Amino acid sequence: MIKAVTGTKDILPSDIPRWKYLENTVERIFNSFNYKEIRTPVFEETPLFARGIGEETDIVGKEMYTFSDKSDTSLTLKPEMTAAVVRAYNEHSLGAQQSLVKLFYISPMFRQERPQAGRFRQFHQFGAEAIGSNSPLLDAEMIQMAYEILKSLGLKNLTVKINSLGTPQSRENYKKLLKNYLEEKKDRLSEDSRKRFDKNILRIFDSKVESDQLIIKDAPKITDHLDEESKIDFEVVKEQLKKSNIPFEIDSSLVRGLDYYTKLTFEIDSGSVGAQTALVGGGRYDLLIENLGGKPTPATGFAAGIERILLACENEKSLTVPEPSIDVYLIRIDDGLESFVSELGGKLRKENISVDFDYLQRSVKAQMREANRMNAKYTLFIGGDEFKAGMMNLKNMSSGEEEKISLKDINSIILKLK
RNA sequence: GUGAGCGUAGCUCAGUUGGUUAGAGCACCAGGUUGUGGCCCUGGGGGUCGUGGGUUCAAAUCCCAUCGCUCACCCCA
């Protein structure tokens, strides 16, 4: 038997109500902040991600689904959305029509990693990008939107972490400081961290190795070495979060693994998932638009992992979505009425009433069981003596009450069922 | 890429020191008034015991390989 590819999952009919609920919540909240939806292709030319995310990142280095098409163009299934949105922004000059463009998306992403709890090879993210302003109010808005969505889904066990990476200039200065501090301790670092020392020294902060942690603990903090502008912006974000009653902590070791971030970065973690605690990650990326060939334009955004959020919801039992149901199940009492039942079903369906009936020649009892399983609000009995007398029985499934309705009086059924 | 655990019915699992036709609960199907559900009762269908090989008179059970799943590391949503 052929099975779904490793790291991919079917979203089955029984899963759909929870997904829909989440998607509706996401859309509602993004609409309230006036973000407009954007959809981009699932694949792009490979250099978009290589340049956008950074050649040295793990995503680009080892996790992308890259392949050549018949014209030998290297294509990649999108591993994240920001580069794709920026590509569309540049390509269609979206910034020419309005100076601040606020976009959101819900989309599958692809990364070839080993699957584990809250991590898949095809997974789904929703997120937002605000392109065209350097206002720290927008950074705060990103956190607010993400936080509000998670809260609306009933999640409780949340931690908002923020940090500032500063401008590229101040970050470079800080890197030098950090390098000086770590230079003499370098040989005590783990192998991975020694590699990071040369490739991307900030990433040493991500290490979970205890001996590394001890060394890093007393390292100079990036938030103590920010340029004036970043410092002021960081203060504004903190102030806004306080005003919005969003609890947060400053985590100066929060270094996101994508190269494009500048100034504010943030993450929202949940204690209700497995080891992959990050539900939401984001930050400002003031240089990306320019790097991808656009005019210099400041921007900020975030992405949230839908599977992880639903996992947290499940573990916290925070979501109660209504059981699916139908309005009426038509019950055929006598053989030979199949086409009449089908025709009547059609009429009701045209009135936007959800209708189903038996296609398997089953007994009345079996049809009733089916109606019960489908959570039918009503059943309509067609056949027998009443039918000969021009009547049908309409039964309310929760009260058990029945009433006779004339075959000619479809309208009164429609009224009842609506 | 590295490490650990696990693969028996659609699902959750049981299967004693290897020993007759591999079990349970749930789900599914049928019946319990010739036309009425949810509860209950009776009966039924459904499994190459992940796959391949080996040991043995005999393997779901022991050994090897392989595939898959799960979790963790790395990194990230």
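Note that the structure is predicted; figures quoted are calculated from it, not measured. First the proteins, then the strands, lettered A, B, ... as listed; each starts at 1.
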(message) Between B/G68 and B/A77, how far apart are the two C1' atoms, rounded to whole Å?
(response) 26 Å

(request) Determine the Euclidean distance between corresponding C1' atoms of B/A4 and B/C13; express it in Å to zero decimal places. (result) 23 Å

(message) Could you tell me how far apart A/F49 (CZ) and B/A77 (P) are, to the nearest whole angstrom?
(response) 14 Å

(request) Figure out the CD1/P separation between A/I143 and B/A77, and round it to whole Å. (result) 15 Å

(message) Using the P atom as the point on both nucleotides, what is the distance between B/G53 and B/A72, in whole Å?
(response) 36 Å

(request) May I have the distance from A/K3 (atom NZ) to B/C69 (atom C1'), rounded to whole angstrom? (result) 7 Å

(request) Quick one: look up who B/U17 pairs with, Watson-Crick or G-U, both distances under 3.5 Å, and put none if it's unpaired. (result) none

(message) Quick check on RNA chain B: between A/L279 and A/V273, whose nearest nucleotide comes earlier from the 5' end?
(response) A/V273

(message) Taking side-chain contact (heavy atoms from CB on, under 4.5 Å) as the criterion, tell me which of A/I149, A/I106, A/L310 meets it with A/L22.
(response) A/L310

(message) Rounding to an integer number of Å, can you tell me how far A/Q112 CD sits from B/A77 P?
(response) 18 Å

(message) Please determine whether a side-chain nitrogen or oxygen atom of A/S363 lies at a distance below 4.0 Å from atom OP1 or OP2 of B/A30.
(response) no

(request) Determine the Euclidean distance between corresponding C1' atoms of B/G52 and B/A60; express it in Å to zero decimal places. (result) 16 Å

(message) For a quick test of reading the model: is some side-chain N or O of A/Q116 closer than 4.0 Å to OP1 or OP2 of B/C73?
(response) yes

(message) Between A/R121 and A/E113, does any NZ, NE, NH1 or NH2 come within less than 4.0 Å of an OD or OE carboxylate oxygen?
(response) no

(request) Could you give the distance separating B/U56 and B/G19 at their C1' atoms, to the nearest angstrom? (result) 12 Å

(request) Indicate yes or no: does A/E172 engage A/K176 in a salt bridge with an N to O separation below 4.0 Å. (result) no

(request) Inspect the contact between A/E183 and A/K185 and indicate whether a charged nitrogen and a carboxylate oxygen are less than 4.0 angstrom apart. (result) no

(request) Indicate whether OP1 or OP2 belonging to B/C73 is found under 4.0 Å from a side-chain N or O atom of A/Q276. (result) yes

(request) Enumerate the residue pairs fulfilling salt bridge (charged side-chain N to carboxylate O under 4.0 Å, His left out) with a member in residues 303-319 of chain A, sequence neighbours excluded, ordered by first and then second residue. (result) A/R18-A/E314

(request) Determine, for nucleotides 33-42 of chain B in 5'-to-3' order, which nucleotides have protein heavy atoms under 4.0 Å from the base (write B), from only the sugar-phosphate (write S), or from neither (write -). (result) --BBBB----

(message) Closer than 4.0 angstrom, basic N to acidic O: yes or no for A/E239 and A/K242?
(response) no

(request) Once you apply the 3.5 Å cut-off to both distances, tell me the Watson-Crick or G-U wobble partner of B/A72, or none. (result) B/U2

(request) Summarise how protein sits on nucleotides 3-12 of chain B as a single string, 5' to 3': B when a protein heavy atom is under 4.0 Å from the base, S for sugar-phosphate-only contact, - for no contact. (result) B---------

(message) Please give me the minimum heavy-atom distance between A/P108 and A/K78, naming the atom from each residue.
(response) O-CE, 3.6 Å

(request) Would you sort out whether A/Q122 and A/L77 count as a side-chain contact (heavy atoms from CB on, under 4.5 Å), showing the intermediate values? (result) CA-CA 10 Å; A/Q122 176 174 179; A/L77 301 182; over 6 Å; no

(request) Whole angstrom is fine here: how far is it from CZ in A/R203 over to C1' in B/C73? (result) 16 Å

(request) Write down the distance between CG (A/D58) and P (B/C73), rounded to a whole number of angstrom. (result) 14 Å

(request) Please determine if A/E403 and A/K416 form a salt bridge, counting it only when a charged side-chain N lies under 4.0 Å from a carboxylate O. (result) yes

(message) Closest-nucleotide mapping onto RNA chain B: is A/P115 or A/E63 further toward the 5' terminus? I mean the 5' end.
(response) A/P115

(request) With C1' as the reference atom in both, quote the distance from B/G54 to B/A14 in angstrom, rounded to an integer. (result) 28 Å

(message) Between B/C6 and B/G50, how many Å separate the two P atoms, rounded to a whole number?
(response) 14 Å

(message) Expressed as a whole number of angstroms, how long is the span from A/Q367:CD to B/A30:P?
(response) 10 Å

(request) Determine, for A/E401 against A/K395, whether the closest basic-nitrogen to carboxylate-oxygen distance falls under 4.0 angstrom. (result) no

(request) Ignoring the backbone of A/R362, work out which of B/C73, B/A77, B/C29 is nearest its side chain. (result) B/C29

(request) Could you give me the CA-CA distance, side-chain angles and deciding distance for A/I143 and A/L241, then say whether side-chain contact (heavy atoms from CB on, under 4.5 Å) is met? (result) CA-CA 8 Å; A/I143 300 173; A/L241 291 179; 3.7 Å; yes

(message) Rounding to an integer number of Å, can you tell me how far A/L155 CG sits from B/A77 P?
(response) 18 Å

(message) Taking B/G47 as the reference, what is the distance to B/A22 when you measure between their P atoms (whole Å, please)?
(response) 12 Å

